[in-house]
Amino acid sequence: MNFSRFGIYQGYRPYQPSQTIRVNILHTTLSFEPGGRRQAIENLADGGNGTGFNSYLCCLNQTGCPREKIAARFEDHLELNRRSLFGRRERGVFRSFVRDNNIDLIHSHDGAALFFSSLFLLGDHRVKQITTFHRSLGIETATFKGKVRNALALLRCNLVLTASEERRNHYIQENWVSPRKVRTIPLGIDLSQFAYSAAGRNTIRIELGIPDSALVFGAIGHFGGEKGIDIVIRAFLRYSRQEPGAHLLVVGTGSDSQIDLIRSLVPAEGEDHSKTKVHFLGFRSDIGDVLSACDVFVHGARQEAFGLVLAEALSNGKPVVATATGGAAQILNPDVGVIVPVDDVESMADTLSDIASQPEIRAQMGASAVERAQKEFSVQSYAKVMTAVYSEVLEN
């Protein structure tokens with residue numbers, strides 16, 4: 001992966017473990033529930049296998065994940081079920097876990113985990129710490145209290161990582177932190193999980209009753225406003241006035257009120273646009289097959305930390321239409337996708353119409369998408385860069 005254009009970690013010597021040296025990395029986070037944060041941590045754990053870096057996991061609250069899934073990736077894990085951020089019990093259990101497992105570096109993945117780990121590290125200068133800022137919203141940086149908490153925690157943090165330049169700029173602007181301490185490293189994915197499958201395509205289309213010849217758009221995301229699923233639906237409905245035979249697959253869910261709001265955007269049978277086909281698939285684990293059933297992937301996010309789903313769509317060979325937020329500008333280029341303004345339904349609808357009318361261009365973009373994903377966003381490349389990051393921090 002060529003990270004030189006991001007100005008990131010050029011020339012660091014990868015850590016070369018001997019048979020007698022083990023470096024133990026503890027990933028700390030609020031929970032390990034499904035989502036981009038968990039996926040990023042899993043990729044780091046998988047990528048560390050065989051490099052001499054061993055991964056451990058600590059969840060401040062409940063894990064939110066089957067224990068067998070954790071055991072398959074981590075040497076050991078700790079579920080604190082914290083009752084208080086400053087609780088004596090939590091501090092004691094955490095201290096024992098770090099000591100007993102000879103942890104060398106703590107990698108925290110949210111503001112609460114960073115603060116909790118930093119409190120412990122004030123009395124232990126042997127252990128290093130870095131943190132990754134995963135938030136697409138300003139939740140961890142929006143209040144004065146949050147800024148103070150971050151400033152105190154950063155005193156015992158060697159490095160802050162963000163997945164996109166947009167999030168790096170946000171973190172620097174909203175916190176009292178030196179820009180030199182904040183770096184951008186785009187995330188990676190397991191490309192094999194999202195590779196195109198002709199069988200998967202047929203399975204999904206048969207399940208939903210979609211003709212093989214129909215043009216299908218896809219969208220994936222939580223139904224909260226920041227992910228912009230409503231923007232995608234509104235743009236698709238606008239486009240479908242011209243092409244009522246098109247379909248839209250929507251993967252995701254939300255609170256009851258969010259689900260009601262999203263579903264209310266689609267006219268009922270017998271109303272205008274009754275021929276429009278919008279399929280709500282809820283939460284799905286077969287994302288690779290769903291992507292395979294689509295011809296174009298659409299992402300309408302208003303705010304995004306990076307946009308792993310864009311890389312997933314590329315790895316499946318899908319041209320992408322996405323809003324200009326998060327890592328879209330880093331993930332996409334004109335050969336694989338089109339970037340439109342945030343919250344601009346008309347612009348997105350026009351772009352859907354343009355790309356729908358050019359099947360040869362879609363095919364070219366799809367081929368370039370796979371090539372770009374393999375070159376830029378593999379989990380192996382991501383793990384290689386992160387290994388260099390860990391080595392650099394540990395050696396200083």
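In what follows, every heavy atom counts, from backbone to side chain, and hydrogens, waters and symmetry copies are set aside.
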*asked:* Before you tell me yes or no, could you show the steps for Thr141 and His170 under side-chain hydrogen bond (donor to acceptor under 3.5 Å, both in side chains), namely the whole-Å CA-CA distance, both residues' side-chain angles and the distance that decides it to 0.1 Å?
replied: CA-CA 9 Å; Thr141 57; His170 168 88; 2.9 Å; yes
Answer yes when [X] and [Y] have at least one side-chain N-carboxylate O distance shorter than 4.0 Å, and no when they do not.
X: Arg183; Y: Glu392; result: no
X: Lys145; Y: Glu140; result: no
X: Glu42; Y: Arg73; result: yes
X: Lys128; Y: Asp104; result: no

Mind checking the [atom1]-[atom2] spacing from [X] to [Y]? Nearest 0.5 Å is all I need.
X: Leu248; Y: Leu215; atom1: CG; atom2: CG; result: 10.5 Å
X: Ile339; Y: Leu310; atom1: CD1; atom2: CG; result: 9.0 Å
X: Thr323; Y: Met348; atom1: OG1; atom2: CE; result: 5.5 Å

Does [X] [atom1] have over 12 foreign heavy atoms under 6.0 Å away?
X: Arg126; atom1: CZ; result: yes
X: Glu371; atom1: CD; result: no
X: Asp256; atom1: CG; result: no
X: Glu68; atom1: CD; result: yes
X: Gln62; atom1: CD; result: no

Mark yes or no for whether [X], through its side chain, and [Y], through its backbone, hold a donor-acceptor pair below 3.5 Å.
X: Ser353; Y: Asp350; value: no
X: Lys147; Y: Glu174; value: yes
X: Ser347; Y: Asp344; value: no
X: Arg135; Y: Ala305; value: no
X: Asp110; Y: Thr29; value: no
X: Asn333; Y: Asp335; value: yes
X: Ser381; Y: Phe377; value: no

_Run the side-chain hydrogen bond (donor to acceptor under 3.5 Å, both in side chains) test on Asn150 and Asn175 for me, step by step, so that the C-alpha distance in whole Å, both residues' side-chain angles and the decisive distance to 0.1 Å come before the verdict._
CA-CA 7 Å; Asn150 291 342; Asn175 288 284; 2.9 Å; yes
Quiz: residues 294-303 side-chain donor-acceptor pairs under 3.5 angstrom, not counting sequence neighbours:
unit_1: Asp295; atom_1: OD2; unit_2: Arg205; atom_2: NH2; d: 3.1
unit_1: Asp295; atom_1: OD2; unit_2: Val216; atom_2: N; d: 2.8
unit_1: His299; atom_1: NE2; unit_2: Glu304; atom_2: OE1; d: 2.8
unit_1: Arg302; atom_1: NE; unit_2: Asp343; atom_2: OD1; d: 3.0
unit_1: Arg302; atom_1: NE; unit_2: Asp343; atom_2: OD2; d: 3.3
unit_1: Arg302; atom_1: NH1; unit_2: Gly225; atom_2: O; d: 2.7
unit_1: Arg302; atom_1: NH1; unit_2: Asp230; atom_2: OD1; d: 2.9
unit_1: Arg302; atom_1: NH2; unit_2: Asp230; atom_2: OD2; d: 2.7
unit_1: Arg302; atom_1: NH2; unit_2: Asp343; atom_2: OD1; d: 3.2

Using side-chain heavy atoms (C-beta onward) and a distance below 4.5 Å, is [X] in contact with [Y]?
X: Thr131; Y: Leu161; result: no
X: Glu243; Y: Tyr239; result: yes
X: Phe53; Y: Ser391; result: yes

*Give the intermediate values and the outcome of salt bridge (charged side-chain N to carboxylate O under 4.0 Å, His left out) for residues Asp212 and Arg201.*
CA-CA 9 Å; Asp212 185 68; Arg201 177 183 189 275; 2.5 Å; yes
_Pair Phe120-Arg156, side chain to side chain contact (heavy atoms under 4.5 Å, CB included): steps then yes or no_ = CA-CA 9 Å; Phe120 164 77; Arg156 197 57 184 84; over 6 Å; no
*Could you give me the CA-CA distance, side-chain angles and deciding distance for Arg284 and Ile204, then say whether side chain to side chain contact (heavy atoms under 4.5 Å, CB included) is met?*
CA-CA 11 Å; Arg284 301 283 294 226; Ile204 297 297; 3.3 Å; yes
_As a quick check of understanding, evaluate side chain to side chain contact (heavy atoms under 4.5 Å, CB included) for Ile361 and Ile355, giving each step before the final call._
CA-CA 7 Å; Ile361 297 298; Ile355 201 168; 5.7 Å; no
*Tell me, which pairs form a ring pair (Phe, Tyr, Trp, His ring centres under 6.0 Å) where one or both residues lie in residues 55-83, sequence neighbours left out?*
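Passing the test, one end in residues 55-83: Phe32-Phe74.
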_For Thr203, give me all partners under side chain to side chain donor-acceptor pair (under 3.5 Å), at least two apart in sequence or on another chain._
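For Thr203 there are no side chain to side chain donor-acceptor pair (under 3.5 Å) partners, ignoring immediate neighbours.
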